Amino acid sequence: MSIPNWFRSLMESLPDPVVYYDSACHIVGSNEKGKKEILKTYNDLSYLRACELFSSLVAKPGKCEDCIFYRVRSENKPLHVSGEIVLPDGHKSYFERHVSIFNDTSGPILLELWKDLSQERGLTIENRTKDLFLKGLFNLFDIPMFTTDEHLRITGMNRPFEQLVRLPFSHLLGRSLDDIISIHSQPGNINENNVTVFIRSSVKRHPEVECDIKMLPITLNGRRIGMVGFAFRRATSGFSKSFPHYEMEYLFEISREASHKENLAEFLEYLDTLLVKHFSEDTDPLLVLFDEESRSFVWIPEQDEKWPLQLDFRKSMRPDTFALFHATLSGIPATDSIATPNNPTHLPKPLVPFAANYPKWFGFPIATHKRILGYFFLGISDGLPQYRESMYMLHAFMTQVAGHVRQLVLRELESRSVSWDFGVVARFGRLIGRSEKMREVYELIELVAASEATVLITGENGTGKELVALEIHQRSPRSRGPFVVAHCSAYSPTLLESELFGHERGAFTGAIKQKKGRIERAQGGTLFLDEIGDIAPATQVLLLRFLQDRKFERVGGEKTLEADVRILAATNKNLEEEVRTGRFREDLFYRLNVIRIHLPPLRERKEDIPLLCNHFIKKYNIRENKKVKSISQNALSILMEYDWPGNVRQLENTLSHAVILCPDDEITPEHLPRFLKESVGENGQPTTLEEHERRLIEKVLKDCNWNKHEAARRLNISRSTLYSKIKRYNLRKNEKPRELYRAVR
């Protein structure tokens with residue numbers, strides 16, 4: 001029987017083993033998986049029937065009416081069966097077989113698709129065994145234990161739990177946990193997935209019996225199907241006035257999450273999420289923040305729409321509101337900082353009339369060990385259950401992240417001070433600039449951040465290539481992972497290979513222990529390869545292989561490792577030219593140049609210089625403890641005229657120099673570095689380009705004692721060009737000694 005080629009190609013495309021037969025059940029072919037996993041041979045088997053090759057296909061060989069192939073032919077419809085089958089090599093496995101009939105011009109073809117269910121069947125048996133094991137395990141513990149379904153209905157328990165709640169098994173099974181235990185913390189905590197949940201509680205029928213319940217989820221395929229609980233009896237009643245020690249892990253987790261927020265708006269959005277999670281949507285929060293000098297409030301207007309209480313408070317402010325608010329907080333002792341209806345002494349006076357509108361409320365200052373940063377207040381409605389646990393948690397959280405909140409406030413104030421035109425973005429994270437070229441860079445960062453594509457960042461030294469890479473990482477799904485930098489030009493070829501890929505002990509002289517490379521240390525995050533154009537050819541080959549399949553070996557090692565790392569690269573070289581000259585591999589260039597972001601030099605975006613100056617003055621004011629407020633127009637004109645070969649890094653060093661030398665509150669030309677002073681004329685105004693060139697040529701000629709050959713070499717121009725410029729600018733060597741000699745003669 002001839003099988004069409006298109007039919008064979010179709011069978012090869014199927015992911016499961018397939019064997020096909022003629023109308024007499026003789027094997028006429030299979031796909032590659034069928035040969036390897038079912039037939040177990042590559043020999044010609046066309047003389048065999050299915051029941052002869054697989055002896056366990058029918059209960060009684062020879063009775064075709066018991067065979068699935070017979071039923072498919074007679075009923076003319078697909079069927080499937082499952083069971084244990086012995087393969088030709090004697091291996092026994094549990095299969096599900098799907099048989100269907102296909103009518104071709106040369107005759108009917110029987111298709112048999114095989115699915116190996118041995119692993120799934122084994123897991124089912126294993127789960128049943130585990131269920132029996134857990135039931136026996138419960139009775140081995142003296143700690144009260146119980147299990148629930150996804151709706152928190154009790155499905156099992158041990159004897160100590162029956163003794164704790166003082167009810168027999170028959171009265172507990174199937175009842176809701178809430179019928180047995182009075183849960184003092186909010187119900188939302190019980191519904192957490194994939195986390196440990198602690199609940200402060202007491203037995204309903206015996207309120208004097210208090211306990212802490214630790215619950216862990218039971219999940220199947222990512223879905224919670226139940227909970228297992230442990231009850232720890234407490235000897236004393238009442239609530240502790242400190243944050244529960246066993247929730248420290250959760251506190252650190254949410255604090256780490258908050259520390260990744262880039263601005264106040266993002267932080268407030270995250271805080272809003274925590275409030276809904278731990279309290280309810282029927283609460284009214286208010287967050288009051290102070291500026292760095294504690295002279296006024298700092299607000300995020302967008303938050304007023306979400307927090308009506310904050311809007312009402314802002315509308316009620318009078319000229320003396322800030323002074324009253326800050327004066328109250330200055331006297332609050334650290335040990336008694338939470339204000340409640342039972343302890344309202346330290347509630348700031350401007351908030352007293354607002355607190356009177358809520359039956360329950362609390363508030364506390366936000367502070368570091370050195371200064372008060374603001375105040376948090378939450379008004380609570382009648383319907384909310386006990387809230388004290390969450391109150392202490394929130395207080396601990398705000399104390400933990402107070403330092404980061406201060407940095408966000410400083411960043412917000414700095415951003416407002418440089419954003420003169422509110423219609424145009426003046427900064428983008430750590431990048432500053434509102435020129436058209438920088439806005440194009442911002443758009444590219446937004447577009448590529450969410451992808452996994454390799455990005456090549458080009459630009460001159462000092463333009464901020466590493467900052468671009470960091471912004472891409474911070475806005476990517478890998479932002480929680482590490483950001484590892486490898487400066488490729490800082491190492492010799494051998495050392496760079498070790499830095500990137502790591503090495504094994506004894507790989508070379510001095511390798512006294514195994515070392516993980518930067519690729520391994522960037523697992524789950526981003527690796528930034530700075531100055532990628534400087535790596536040696538041998539290292540280029542290794543890096544190319546890693547970019548292709550994300551596999552590598554340590555230096556001196558034989559084991560192949562894999563790394564889940566996103567690659568960002570940067571260079572100040574023209575890699576196309578490097579490829580043409582043979583110094584850089586063409587295939588590696590194409591691997592790196594998936595998406596390119598070019599950073600313009602500062603001379604091409606001089607409109608950003610005032611913004612950058614403002615930023616650097618504020619930065620070095622804080623570092624040097626200075627109070628410089630502005631830069632004079634003459635000094636700014638000099639900065640605007642200069643071409644800045646060192647780009648933003650050179651401008652930053654210049655402003656650092658000026659802030660240090662400035663004794664007053666305004667930077668003037670005399671505070672600028674010498675190289676900038678030499679570029680201005682006697683009247684203090686910038687010279688023209690021609691005047692600057694004339695002065696430069698005259699200075700070089702004097703330094704070379706008018707040796708024109710040496711002067712042309714230093715200026716990197718030809719002697720003929722030098723002669724023409726000397727004539728153009730009417731430059732002359734001092735002739736007084738020669739004239740004196742002629743006079744004497």
Side-chain angles (χ1 to χ4, degrees), residues 291-293 295 406-407 409-421 424 426-435 437-438 459-468 572 599-689 691-693 695-696 699:
D291 64 6
E292 181 66 11
E293 290 81 20
R295 296 177 181 175
R406 183 191 175 200
Q407 294 300 319
V409 171
L410 289 173
R411 191 176 300 174
E412 179 71 20
L413 294 174
E414 181 181 311
S415 175
R416 292 178 183 181
S417 65
V418 299
S419 297
W420 299 331
D421 184 356
V424 179
R427 68 179 299 148
F428 186 83
R430 297 167 180 81
L431 299 170
I432 296 174
R434 57 177 177 176
S435 62
K437 292 187 176 182
M438 288 305 294
E460 297 178 4
N461 287 332
T463 51
K465 296 186 290 294
E466 186 172 339
L467 292 180
V468 171
N572 62 353
L599 277 178
L602 187 56
R603 62 181 174 273
E604 295 181 6
R605 58 180 187 106
K606 287 189 175 181
E607 61 267 41
D608 293 334
I609 289 179
L611 295 171
L612 292 164
C613 290
N614 203 335
H615 168 74
F616 292 135
I617 288 173
K618 290 179 178 295
K619 176 180 178 180
Y620 288 101
N621 269 342
I622 297 173
R623 183 174 298 182
E624 303 296 338
N625 196 23
K626 289 293 191 84
K627 295 183 179 179
V628 178
K629 295 181 180 179
S630 61
I631 181 170
S632 70
Q633 188 60 45
N634 285 347
L636 184 60
S637 298
I638 294 173
L639 299 179
M640 294 290 288
E641 287 292 330
Y642 191 64
D643 278 343
W644 300 105
N647 294 296
V648 180
R649 186 182 295 125
Q650 185 184 15
L651 177 63
E652 179 178 3
N653 293 336
T654 298
L655 268 298
S656 172
H657 177 280
V659 169
I660 292 172
L661 295 185
C662 181
D664 303 316
D665 60 356
E666 185 179 60
I667 294 174
T668 60
E670 64 182 4
H671 303 135
L672 298 177
R674 183 177 178 181
F675 73 88
L676 285 173
K677 294 178 184 178
E678 291 177 352
S679 67
V680 300
E682 295 179 358
N683 60 355
Q685 295 299 322
T687 62
T688 64
L689 181 60
E691 179 63 19
H692 183 73
E693 185 179 50
R695 287 172 175 266
L696 177 62
K699 180 179 183 302

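Treat the numbers as computed from the prediction; the structure is a model and nothing was measured.
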Distance, nearest 0.5 Å, that separates [atom1] of [X] from [atom2] of [Y]:
X: L636; Y: I609; atom1: CG; atom2: CD1; value: 8.0 Å
X: E624; Y: S656; atom1: CD; atom2: OG; value: 6.0 Å
X: R649; Y: E460; atom1: CZ; atom2: CD; value: 11.5 Å
X: W644; Y: L676; atom1: CH2; atom2: CG; value: 4.5 Å
X: L602; Y: S435; atom1: CG; atom2: OG; value: 9.5 Å
X: L599; Y: N572; atom1: CG; atom2: CG; value: 12.0 Å

Salt bridge between D664 and K629, side-chain N to carboxylate O under 4.0 Å? no
Among L655, I617, L651, side-chain contact (heavy atoms from CB on, under 4.5 Å) partner for L612: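 When side-chain contact (heavy atoms from CB on, under 4.5 Å) is applied between L612 and each of L655, I617, L651, only L651 qualifies.
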With side chain to side chain contact (heavy atoms under 4.5 Å, CB included) as the criterion, how do D608 and R434 come out once you've worked through the C-alpha distance, each side chain's angles and the decisive distance to 0.1 Å? CA-CA 6 Å; D608 293 334; R434 57 177 177 176; 4.0 Å; yes
What pair of heavy atoms forms the shortest contact from [X] to [Y], and how long is it?
X: Y620; Y: E652; value: OH-OE2, 2.7 Å
X: T668; Y: S632; value: CA-OG, 3.6 Å
X: G464; Y: L431; value: O-CD2, 4.3 Å
X: H657; Y: H671; value: ND1-O, 3.2 Å
X: L672; Y: A658; value: CD2-CB, 4.3 Å

[X] side-chain N/O to [Y] backbone N/O, donor-acceptor pair under 3.5 Å:
X: D643; Y: R603; answer: no
X: K437; Y: R605; answer: no
X: K626; Y: D665; answer: no
X: K465; Y: G459; answer: yes
X: N647; Y: P601; answer: no

Does I432 form a side chain to side chain contact (heavy atoms under 4.5 Å, CB included) with F616? I'd like the steps, not just the answer. CA-CA 11 Å; I432 296 174; F616 292 135; over 6 Å; no
Taking the side chain as every heavy atom from C-beta outward, state whether L639 and I631 have any atom pair closer than 4.5 Å.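 Sidechains of I631 and L639: in contact.
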Take T654 and Y642, measure what side chain to side chain contact (heavy atoms under 4.5 Å, CB included) needs, and give me the verdict at the end. CA-CA 12 Å; T654 298; Y642 191 64; over 6 Å; no
